[in-house]
Structure formats: structure tokens, C-alpha cells
Amino acid sequence: KKNMSIRMLGDQVLVAAAPKEKTTAGGIILSADVKQTASEPGLVLSIGPEVTTLVPQDTVYLQWNEAMPVRIQGQDAVIISAEHIKAVIT
């Protein structure tokens, strides 16, 4: 199977869930849950040509409920308009 690539158009941004801790401080293993809540950050994977304030690998807060879920090469991600990305975590 050919590797699929994706190119964002306009002001669209491809974002995946930011990596989370897999265990608690007490050693409890947490289950992997794909569903994001409003306060969880995302990791920018790709940006469209009209996006000037973000770069790939930025960690951001976004409005998850405004995003379109996609699966790229087995990885869950979302496509979202840059206007729904509210902050970059530095």
C-alpha cells in the first residue's frame, strides 16, 4: 500500500492529540482515549499556506468540537480552521 500524504489547503490545520502520560505518579496505567476534551492540547502536524502564526510541532489549545476527525496513516487526527486554534503552548 502506498504511503498517503496530506497537504492542508487555505487556513486549515492538521492536529493530533498531544502525547499524554501513560501512567499516574502512583504507577496506575491510564487507558488510551482518543476523545478529546476542550482543555486538552493538540500537536500541529501540518498547516495550510494561509496559516502564518503556527508551525508543525507547535502544541496548541483548540476548540475540538469545531474539528473534523480524520485518520492519516493509522493516526487519529483532526482538520480544523486556524481560527479555532486559540493558543500556542510555549
Counting only N and O atoms by type, is there a donor-acceptor contact under 3.5 Å from the side chain of Trp64 to the main-chain atoms of Pro41?
-> no

Worked check of side-chain contact (heavy atoms from CB on, under 4.5 Å) between Leu54 and Ile85 = CA-CA 10 Å; Leu54 299 169; Ile85 295 177; 3.6 Å; yes

Between Met8 and Gly48, the two heavy atoms sitting closest are CB-N, 3.4 Å

Member of Leu45, Leu43, Ile47 meeting the side-chain contact (heavy atoms from CB on, under 4.5 Å) criterion with Leu14 | Leu45

For Glu66, check side-chain contact (heavy atoms from CB on, under 4.5 Å) against everything at least two apart and list the hits.
-> Gln63, Ile80, His84

Would Leu9 end up clustered with Met68 when hydrophobic side chains under 4.5 Å apart are linked, directly or stepwise?
-> no

Mind listing the closest non-hydrogen atom pair of Ser46 and Pro56 along with its distance?
-> CA-CG, 4.5 Å

Show your reasoning for whether side-chain contact (heavy atoms from CB on, under 4.5 Å) applies to Val13 and Val51.
-> CA-CA 8 Å; Val13 181; Val51 179; 3.9 Å; yes

Test Val44 against Val55 for side-chain contact (heavy atoms from CB on, under 4.5 Å), laying out the working first.
-> CA-CA 7 Å; Val44 174; Val55 295; over 6 Å; no

Not counting sequence neighbours, which residues clear side chain to side chain donor-acceptor pair (under 3.5 Å) with Asp58? List them please.
-> none

Between Ala16 and Gln75 the two heavy atoms that sit nearest each other are CB-NE2, 3.4 Å

dist Tyr61:OH -> Ile89:CD1 (nearest 0.5 Å) comes out at 4.0 Å

Beyond-backbone contact of Val88 with Thr59, side-chain heavy atoms, under 4.5 angstrom | no

